[in-house]
Trainee: 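Before I ask anything, let me first share the structure, which is written out below as structure tokens.
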Number of protein chains: 2
Amino acid sequence: MVATVYEERARVFKALCDERRQKILELLQGGEKCACVLIEEMGMPQSSLSYHMKILCDSGIVTGREDGKWTHYQISRQGSEKAVSLLKEITAVTETGGCRSCCGT
Amino acid sequence: MVATVYEERARVFKALCDERRQKILELLQGGEKCACVLIEEMGMPQSSLSYHMKILCDSGIVTGREDGKWTHYQISRQGSEKAVSLLKEITAVTETGGCRSCCGT
DNA sequence: ATAACATATTGACTTTTTTCGATGTGACAG
DNA sequence: CTGTCACATCGAAAAAAGTCAATATGTTAT
């Protein structure tokens, strides 16, 4: 399975689309937290949290640190910056000016 | 219908998740284009393009300029910058340091 | 007014994502 | 080794998003 550049980008932005994942990010803004705390603060079943943490980690925006039976999650500075530059890249305009393509201005 | 802050944000990032919308943005990086050209360059049916353009415009990242029977689309500098600051806001960490929540470091 | 054109909307359908109980896996304590 | 705990994965069902032909809306030319 070869991921296209589009899939790569989508992985990052999809992580930010979901309401629950946004709330998780808010919680992590206060610093590193372990899964058990997130489960409690989010009020969601363990399997659901695990599902969302996987998506957040796969996007690179969050990193997980395993510590024995616990896993601690935190926002990744590097991943966030990567996301910002991706976004800037995608929305950069190389040429300005009116439509020259088919019809009048 | 009241949109939460989460829905507002999701609208922006969802616009970037779809492969076809990413390709449309790429095309618009070269400058303003009208729908008929996008349909041709994307090789997609008119109703599908219209669907995606609505999502892009609703996100604020693209703006449509109506000109008689044509509509010209372009990437919005303002919308893109808004998206970037949203992303920075969401991933900003207010406190750093280990997990103080439940278990040891 | 009528026809031709550009785009938007609808509706039926397919695909993808999310949800969560059940089960699996690996870590630690006794 | 056995039980318990923390987390991951599976599987089936529900919800959301995407696709596109058909149809509606609005614009321009005649």
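Quick caveat, the model's predicted, so the values are computed rather than measured. Below, chains carry the letters A, B, ... as their sequence lines are ordered, and counting in each starts from 1.
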Trainee: Might you point out which heavy atoms bring B:I75 and A:T91 nearest each other, and give the distance in Å?
Mentor: CG2-O, 3.5 Å
Trainee: In this structure, how many angstroms lie between the C1' atom of C:dG26 and the CG atom of A:D67, rounded?
Mentor: 14 Å
Trainee: Can you check the A:K33 NZ to D:dA6 P distance for me, whole Å?
Mentor: 17 Å
Trainee: Would you give a per-nucleotide map of nucleotides 7-19 of chain D, 5' to 3', where B means the base has a protein non-hydrogen atom under 4.0 Å away, S means only the sugar-phosphate does, and - means neither?
Mentor: BBB-------SBB
Trainee: When you measure from the centre of the six-membered ring of A:Y73, is the NZ or CZ of A:K33 closer than 6.0 Å and no more than 45° off the axis?
Mentor: no
Trainee: For the pair made of CD in B:E19 and P in C:dT15, what is the distance, rounded to whole Å?
Mentor: 16 Å
Trainee: Hydrophobic cluster membership, with links at side-chain heavy-atom distances under 4.5 Å among I/L/V/M/F/W/Y: are B:V84 and B:V93 in one?
Mentor: yes
Trainee: Quick one: do A:R20 and A:E41 make a salt bridge, cutoff under 4.0 Å?
Mentor: no
Trainee: Of all heavy-atom pairs between B:R11 and B:D58, which one has the smallest distance, and what is that distance?
Mentor: CD-O, 3.3 Å
